[in-house]
There are 4 protein chains.
Amino acid sequence: MAFFDGLSAEHLKQFIERIERLEEEKKTIAEDIKEVFAEAKGTGFDAATMRTIIKLRKKDQADLEEEEYLLDTYKRAMGMLPEISGEDEKVA
Amino acid sequence: MAFFDGLSAEHLKQFIERIERLEEEKKTIAEDIKEVFAEAKGTGFDAATMRTIIKLRKKDQADLEEEEYLLDTYKRAMGMLPEISGEDEKVA
Amino acid sequence: MAFFDGLSAEHLKQFIERIERLEEEKKTIAEDIKEVFAEAKGTGFDAATMRTIIKLRKKDQADLEEEEYLLDTYKRAMGMLPEISGEDEKVA
Amino acid sequence: MAFFDGLSAEHLKQFIERIERLEEEKKTIAEDIKEVFAEAKGTGFDAATMRTIIKLRKKDQADLEEEEYLLDTYKRAMGMLPEISGEDEKVA
DNA sequence: TGGCGTATCTTCTTCC
DNA sequence: GGAAGAAGATACGCCA
């Protein structure tokens with residue numbers, strides 16, 4: 001890109017301002033979310049657990065099982081779980 | 001803690017779903033922003049430079065406040081403003 | 001605080017420099033940690049799972065069970081787990 | 001993925017423990033920093049202002065690079081430097 | 001003086 | 001792989 005004529009400069013300005021408006025909206029929503037958490041907390045709910053629930057609901061079941069399986073594998077390697085006996089593939 | 005009666009369970013569910021809706025909105029806006037960048041790029045503008053511009057315009061505002069804050073800090077350090085709490089004379 | 005005599009100014013400078021040195025050390029160690037993760041990844045291990053393991057090992061068993069229990073409570077409230085039958089205390 | 005043979009399990013364990021040791025060191029240094037702030041506070045200095053000073057001293061270096069980067073960005077926008085990729089004439 | 005809310009700082013993830 | 005943004009952890013200051 002080299003330099004802009006007046007028309008392009010105006011065009012650029014419009015893009016920039018649209019983005020700034022959208023970012024403003026995004027920020028507002030982020031604040032709304034915080035408020036809901038605060039309200040839930042005031043009602044006696046635990047925010048951290050709520051976040052965990054929301055995260056879980058986002059993930060699909062297959063991924064969830066895969067993750068859990070992987071974690072168990074590592075736990076077993078670290079001696080945090082009893083060994084299993086049935087031979088399987090070895091990796092790494 | 002034990003478990004929730006039906007009313008509380010319902011209440012929790014409503015909080016969770018409100019947050020999920022808000023996060024959905026936030027995500028939509030984030031995508032809108034990306035689209036504007038894409039459109040601007042299609043028109044021949046450079047996204048990285050636009051980001052720089054936006055950052056600068058944000059800074060300009062933030063810096064006004066920052067400057068003012070810093071000025072006060074140093075004024076206080078120079079004894080040109082009253083201390084936050086008690087103590088007024090040379091210390092340390 | 002008001003203003004500093006030469007001695008105090010020198011004293012302040014020493015505090016600042018001690019902190020800057022310590023922060024430098026901290027940064028170095030943070031980089032070392034990143035390197036170990038990178039090396040582990042190169043050997044075929046998954047960094048995310050490793051982080052989970054490390055986090056789990058940090059928490060004591062009692063807290064872990066409490067957290068899991070709380071999470072189950074919320075899951076049940078959200079219908080993500082089958083209900084249990086034995087009556088207990090109700091909260092919230 | 002399946003599970004690890006003894007050798008790999010041992011390898012994983014070593015990575016984990018190296019990281020845990022490093023994190024322990026990092027934590028120690030963080031505590032040292034807090035102590036220095038506490039000591040400074042005990043001597044009559046204000047921690048918040050000290051943090052501001054440290055941030056400024058960091059910025060001074062970062063800003064040199066930032067300024068240079070920004071200058072290039074604008075030079076490029078003004079056609080005073082070759083573009084990163086192709087296109088050289090007035091566009092948009 | 002201990003809990004609560006805020007604010008900063010760091011960490012983690014995503015996008016380029 | 002490096003930067004930008006979101007998320008999470010931590011630390012400070014206030015109020016009761």
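So you know, we letter chains A, B, ... as the sequences are listed, proteins then strands, and number each from 1. Worth knowing before you read on, the calculation uses all heavy atoms, side chains too, and leaves out hydrogens, waters and symmetry mates.
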Look only at the side chain of Y69(B) and the backbone of D63(B), and say whether a donor-acceptor pair between them is shorter than 3.5 Å.
-> no
Carboxylate-amine/guanidinium proximity below 4.0 Å for K26(B) and E25(A) = no
With sugar-phosphate meaning primed atoms plus P, OP1 and OP2, does K41(B) contact a base, only sugar-phosphate, or nothing at under 4.0 Å between heavy atoms?
-> nothing
Tell me: CZ of F37(C) to P of dG1(F), nearest whole Å?
-> 17 Å
Measure from the side chain of K26(A), starting at C-beta and using heavy atoms only, and say which of dC15(E), dA11(F), dG5(F) lies closest.
-> dG5(F)
Map K58(D) and K34(A) onto DNA chain E by nearest heavy atom, then report which one ends up closer to the 5' terminus.
-> K34(A)
Do NZ/NE/NH1/NH2 and the carboxylate oxygens of E39(D) and R18(C) come within less than 4.0 Å?
-> yes
In whole angstrom, give the distance that lies between atom CD of E31(D) and atom C1' of dA11(F).
-> 13 Å
What is the distance, rounded to the nearest whole Å, between atom NZ of K27(A) and atom C1' of dA7(F)?
-> 17 Å
Phosphate oxygens OP1/OP2 of dG8(F): is one of them under 4.0 Å from a side-chain N or O of R51(A)?
-> yes
F4(B) ring center near F45(A) ring center (under 6.0 Å) | yes
To the nearest Å, how far apart are E67(C) CD and dG8(F) P?
-> 13 Å
Does DNA chain E take part in any stems of at least 3 consecutive Watson-Crick or G-U pairs (both distances under 3.5 Å), and if so, which ones?
-> E:1-16 with F:1-16
Looking at every strand, decide which applies to K55(D) at a 4.0 Å heavy-atom threshold: base, sugar-phosphate, or nothing.
-> sugar-phosphate
